[in-house]
Structure formats: C-alpha cells, structure tokens
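Ligands are counted one by one from 1 in listed order, and the atoms in each one are counted from 1 as well.
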Amino acid sequence: MRIKRSRPWDLPDHAVTDPDVFWNRRRLMQAAGATAVAGTAGAWPVTASAKKIGAPADAPAAGKYPAPRNEAYTLDRPISGEELVSTYNNYYEFGSSKTIWKKAQDLPIRPWTVTIDGAVENEQQIDAADLLARMDLEERRYRHRCVEAWAIAVPWTGFPLRKLVEMAKPLSGAKYVRLETFHDPGVAAGQDSPWYPWPYVEALTIEEATNELALIGTGAYGHPLPKQNGSPLRLVVPWKYGFKSIKGIVRVSFVEAMPKTFWSKVNGREYGFWANVNPEVDHPRWSQATEEFLQSTDDVGFLASPEKVPTKLFNGYAEQVAHLYGEDLKRKYGDRLYR
Ligand SMILES: Nc1nc2c(c(=O)[nH]1)N[C@H]1C(S)=C(S)[C@@H](COP(=O)(O)O)O[C@H]1N2
Ligand SMILES: [Mo]
C-alpha cells in the first residue's frame, strides 16, 4: 500500500517479486524456451504453482477440519482458486510484495500464546490449541475486498469473534477490541523495516466485534489456515477493507479509547480506523467504484486483465452491518467511515 500506483500490485515483474524467486523463474523460463512461455509468463507465481502451499504441519486442532458449512453465508460469485489465495498475499511482516508465501513458512505456530487483557472479567493467556478446542468451528464463504481494489472469495473456517468476547466477559468500560500481531523480526524480516510501526495492530468497536459477521479465521478450503494467510488465528471482517483483517493474532485487548491502528499510523488520511467498503468514497489516490475480481493465478500477472466489476456498499454485507453506522456516527465521521 505504500506503492504509489493506481493499481498498486501492477508493477513490473522484478519490482514485486523476491529476487530469488524472480531469478529462479528467469532460469525456468529460459530452460523452457522464452517464446513458448511468453503467453503465460504474466502469471507470475509460476514457482508457487509448482507446489500448492496448504495446511502447516504444526497447525493446532487439525482434526477439526473440514468443519460443517454454515449455509447462511453464501456467495454471489465463484470461490477464488486455493492456489491464488495461498500465493498472492499481503503480510507486511514478511515483506511488502505479494509473494511472501514461502517466507511465511518460517513462522513457528506451536505453541502460540494469545493474551486476552484489558477491561474484562477474565484476563487470561491461552494457547491457540486450547482456544480452538473450546470452539465449534464452521465454514463460511465470504467476499474479501482489499483497499487496493482487488477482490477474492474465500471459504474460511473459524468461529465468531463474539464467542471470544463472551469468553473474556468485557466490563462496561470496554468500548473497543484491539488486536495485535506477533512481533519477531528474527523470523519475519519485514519487521526489521523501520518504516513501519510494528507490531501490526487493528481494532473494532465492541458492536462491530460482536456482529454476526466478524469471524476469527483458523482455516480455509477445508483445512487449517496456511501461515501466509495468518495462521493460527486471524480476523475476517468482510464488510471492511482487507487491512482490517489482521493476521497472526497474539493479543486481544478490551480498551476504552479508540486504538491507533498500524495503517492509520503509516498514513491516516488513506487508511483510517473504520475502512468500511464503499464504492462512492474513493481512496485519495484511486477510485473504489470498481474492483478486479481475482479467481486464479492467471488473473495476477502483468499480462492479465481480470474482470472489473462494481464495488458493493459494505462489500455486499449492508443488510448485516449498515445498522452499526447510524446517524450519530455518520455526522461525526462523514466519509471517514469509508476510508
Ligand atoms: N498482520 C498482518 N495482517 C494483515 C496484513 C498484514 O500485512 N499484516 N495485510 C492485510 C491486508 S492489506 C489484506 S488484503 C489481507 C490479505 O489476506 P490474505 O493474504 O489471506 O488474502 O490481510 C490483512 N491482514
Ligand atoms: Mo489489503
């Protein structure tokens, strides 16, 4: 998102690809004969496509997958391919390119301690495995809309964030739920970058957090979540721009004041607290009226031209969430509710 382009991911091949992946692919292409692959060279995670990156061996509660599907959450578009969703990612802890899937495999996820603290009756530390053992998992098919104007559709597995809130028993002072990602520059080299205010932090109001849609994602495509998608625990809030859906959660705090979030510290004018999807409120540097729906790895190469379709208000979830943003909030925040 720090890349100043109208389509931030649409960069020259070498600029978005890790040097080792880039040079490996160059060699592969040369070996295959450059003319023969010219037509498909645009599908840049070529190296990734050789090996589908699925469930980590150290994922907790592997026996709980696949979980039963909750039919209340169905899609109006096809599911994006698993290979695309597991090789085209934003996870700045591992670097600012889309091709961090390989680097993310270095993240140890067992044990994984989650701290629940702040204005709650039940402050506690709990391992992700124990947390998952207490929760009923379900599959929900959700749209995902990145602020960069690309979209995917994913069958997540997880449990409602509301269940975790109930477990914590918030006190009356708890107005916001603040979520924090691990901080370990030793395994996540992106966290060596002084340009970012690590660790990654996101937050919701308590009303948003207890809304039926807010999910803690623990799996996708019927198995535990790949590390690059935020294993073992991530947030999934499909009515908001993707950066709200924080990955690799280690701390959930219940607080009184609106937390400062990672991207609002980087650039508060462009990436605010609310970040609700709205086609009529443009990003300061590009339109949000349409999105590119990505279905397979063929859609993300520099020769690709994925279908542009209209963006939906609240990403299609107005029925479930519009009531959260009443006249008082609209008056107070205006367009900031959608940015
Ligand atoms: N900790 C952390 N969480 C994060 C991010 C990140 O860089 N770090 N990127 C966000 C953005 S911008 C998007 S679009 C989604 C991408 O999720 P996916 O890679 O599983 O599709 O993760 C979000 N969660
Ligand atoms: Mo994003």
Side-chain angles (χ1 to χ4, degrees), residues 1-3 7-9 45 48 53-54 79-104 107 109 142-158 178-185 187-191 193 195-204 215-221 224-252 261-267 270-272 275 277 283 286 288 291-295 297 299-300 315 339:
M1 277 181 272
R2 70 204 171 99
I3 298 158
R7 299 169 67 214
W9 65 96
I53 298 298
I79 288 176
S80 299
E82 182 174 1
E83 188 186 329
L84 169 75
V85 172
S86 59
T87 57
Y88 183 82
N89 303 101
N90 274 332
Y91 205 162
Y92 276 66
E93 283 79 350
F94 296 99
S96 57
S97 82
K98 293 286 183 284
T99 52
I100 54 74
W101 56 271
K102 209 172 171 184
K103 285 183 185 156
L107 181 68
I109 58 167
Y142 278 168
R143 293 163 148 253
H144 174 96
R145 172 60 155 77
C146 178
V147 73
E148 296 163 340
W150 53 266
I152 50 179
V154 183
W156 301 108
T157 305
R178 178 188 183 276
L179 304 116
E180 189 178 300
T181 298
F182 72 87
H183 188 224
D184 188 353
V187 291
Q191 292 183 325
S193 165
W195 302 112
Y196 295 102
W198 309 110
Y200 200 102
V201 168
E202 261 307 336
L204 301 170
L215 195 73
I216 292 291
T218 64
Y221 297 91
L225 208 56
K227 296 186 182 187
Q228 61 273 33
N229 293 109
S231 192
L233 303 165
R234 70 167 298 164
L235 183 64
V236 186
V237 279
W239 72 98
K240 290 177 178 283
Y241 290 116
F243 65 85
K244 296 292 295 182
S245 290
I246 180 173
K247 300 176 175 182
I249 298 166
V250 295
R251 189 170 170 204
V252 182
T261 56
F262 178 85
W263 283 110
S264 72
K265 285 191 214 167
V266 172
N267 188 341
E270 301 191 349
Y271 312 109
V277 176
H283 184 279
W286 60 82
Q288 295 290 25
E291 62 194 29
E292 292 194 340
F293 178 47
L294 308 179
Q295 293 186 253
T297 52
D299 291 331
V300 294
N315 201 24
R339 199 179 277 171

**Chi angles and distances behind the side chain to side chain donor-acceptor pair (under 3.5 Å) call for Y200, H183** = CA-CA 8 Å; Y200 200 102; H183 188 224; over 6 Å; no
**Request:** For K98 and N90, run side chain to side chain donor-acceptor pair (under 3.5 Å): C-alpha distance rounded to whole Å, both residues' side-chain angles, the deciding distance at 0.1 Å, then the answer.
**Result:** CA-CA 6 Å; K98 293 286 183 284; N90 274 332; 2.9 Å; yes
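Note: an N/O pair closer than 3.5 Å links E93 and ligand 1 by distance alone. Looking at ligand 1, you'll find an N or O of R234 within less than 3.5 Å of one of its N or O atoms. Between Q228 and ligand 1, no pair of N/O atoms sits closer than 3.5 Å. Residue H144 has no nitrogen or oxygen atom sitting less than 3.5 Å from a nitrogen or oxygen atom of ligand 1, judged on distance alone.
Judged by distance alone, the side chains of Q288 and R339 never bring a donor and an acceptor atom under 3.5 Å apart. No side-chain N or O of W101 forms a donor-acceptor pair with one of Y88 less than 3.5 Å apart.
Atoms of ligand 1 lying under 4.0 Å from any heavy atom of I152, numbered from 1 in the order shown and given with element: 21 (O). Of all atoms in ligand 1, numbered sequentially from 1 with element shown, those under 4.0 Å from a heavy atom of C146 are 14 (S). Residue F243 approaches ligand 1 through these ligand atoms, each under 4.0 Å from one of its heavy atoms: 10 (C), 11 (C), 12 (S). Distances below 4.0 Å separate heavy atoms of I246 from the following atoms of ligand 1: 3 (N), 24 (N). Close contacts between ligand 1 and T181 involve ligand atoms 1 (N) [criterion: under 4.0 Å to a heavy atom].
Formation of a donor-acceptor pair under 3.5 Å by the T157 side chain with backbone atoms of T218 is not found in this model.
Aromatic ring orientation, W198 versus F262: tilted (interplanar angle from 30° to 60°).
In this structure, W263 has its ring center closer than 6.0 angstrom to the ring center of Y92.
By the criterion of a heavy-atom distance under 4.0 Å, the side chain of Y200, and not its backbone, is placed next to ligand 1.
The closest side-chain heavy-atom distance from I216 to I249 is below 4.5 Å.
Note on ligand 1: S245 sits in its first shell, one or more heavy atoms being nearer than 4.0 Å.
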